[in-house]
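Structure, as structure tokens:
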Amino acid sequence: MSIPEKIRQCHPALTALRRDIHAHPELAFEEHRTADLVARRLEALGVEVHRGLGGTGVVGVLKAGRSLRAIGLRADMDALPIQERNDFAHVSLHAGCMHACGHDGHTTMLLGAAEVLAAHPDFDGTAYFIFQPAEEGEGGADAMVDDGLFDRFPMASIFGMHNWPGLPTGHFAVHDGPVMASADRFDIEICGQGAHGAMPHLGTDSIIAGAALVQALQTVVSRTLDPLDSAVVSVTQFHAGEAYNVIPDRAKLCGTVRAFSAAVQDRIEATISRIGGGVAASHGVSVEVDYRRGYPPTINTADEAAFCAAVAGSLPGASVLTDLPPSMGAEDFAFYLRHKPGCYVWIGNGPGEGGCTLHNPHYDFNDAIIPFGVAYWVELVRRLLPKT
Ligand SMILES: [Zn+2]
Ligand SMILES: [Zn+2]
């Protein structure tokens, strides 16, 4: 049986598997059932399996030939704390938890690739199948690296894939350079002096200071960054007060910062701090800024991006876009790219009708794209670890 025939033959069972994972979503670092399912399927294929990396992570090792060359292919396994609003048969069985980012599909496509490559070990080297926990905000990739992923499984490069609603089925998008932004967080505590709502002159109003700060923070991107650099500073929370007739002594602002380089992150962090100090002085309050780095920007390396574009472009029925702008969303695949060259591509999930974007309660992974994802992984391994 040829590889395309094998992929076609696997499609119905992979669809059933994807829907089973969809019906049993698990949150970050709690992917016990999913990890067990992944490990047992890999074992059944004769793939060497290592469990428990970075918590619930699983690594499958498939060797062919004698070459010492090795590469990593990564999928994520976690779901989101969202109440699903679909009514199809494979709807989430866990209240308040759903696969709204398609990690059920990513896990399934990588398992499909392992199945095809185990049946057709038509390469020379080692393929590591990396199933990581906790991509959604909790940094499972970082946990895998800290747990010795690259020491225990030395690899030359690493590759990732994410479904992209709105990008047509059969399309891939490959970015040379930045593909996803960094995601930092800040908490700002404003402390003034409380007073009667009718006697503001007897206190120091934390709400007025907070309002001034929200406004001033809008100048971080517009007035301090190079207009050709992309960045976002969003204040997403403003907490203060509990009564109609009390001026509260404290206010709290929280938000997110997105950028594509460490230099821009540094600049934003310093500017928020400076503005906080200025508002404190002008309003007679104290302002404390707690700025925390989260996911770094995801920046594909040039050689690997060109290689992935060639792989995707070679697949029957597929087309490749290399000129899409990057997303201001974030992705913990960035942690791997701090250590290894690699590339993270988008695979079209089809038209995003009905508002079915990622993280939407009506989202569902499109099972029609499974063969494209599997074929991409298989072809990537065959081309990067060629038989000589
Ligand atoms: Zn997500
Ligand atoms: Zn995701």
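As a basis for the values below, the full set of heavy atoms in this structure was taken, side chains included, without hydrogen atoms, waters or symmetry mates. Ligands are counted one by one from 1 in listed order, and the atoms in each one are counted from 1 as well. In what follows, residues are counted from 1 in the order of the sequence shown.
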D124/R66 ion pair, N-O < 4.0 Å:
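Between R66 and D124 there is no salt bridge, as every charged N stays at least 4.0 Å from the carboxylate O atoms.
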
Kindly give the atom name of the N, O or S atom of H359 closest to the Zn ion (ligand 1).
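The nearest such atom is NE2.
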
Go through the steps to decide whether H22 and F88 satisfy the test ring-ring contact (aromatic ring centres under 6.0 Å, His included), and finish with yes or no.
CA-CA 11 Å; H22 188 92; F88 43 58; 5.8 Å; yes

What protein N/O/S atoms sit under 2.8 Å from the Zn ion (ligand 2), by chain and number?
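As for protein N, O or S atoms lying under 2.8 Å from the Zn ion (ligand 2), they are C101 SG, H103 NE2, H162 NE2.
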
Donor-acceptor check, side chain of D78 to backbone of E135, threshold 3.5 angstrom: yes or no?
yes

Taking the six-membered ring for Trp, is the centroid-to-centroid distance between Y376 and F172 below 6.0 Å?
yes

Side chains of D184 and Y291: is there a donor and an acceptor less than 3.5 Å apart?
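Yes, because at least one side-chain N or O of D184 sits under 3.5 Å from a partner of the opposite role on Y291.
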
State the CD-NE2 distance between E136 and H103, to the nearest 0.5 angstrom.
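Those atoms lie 4.5 Å apart.
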
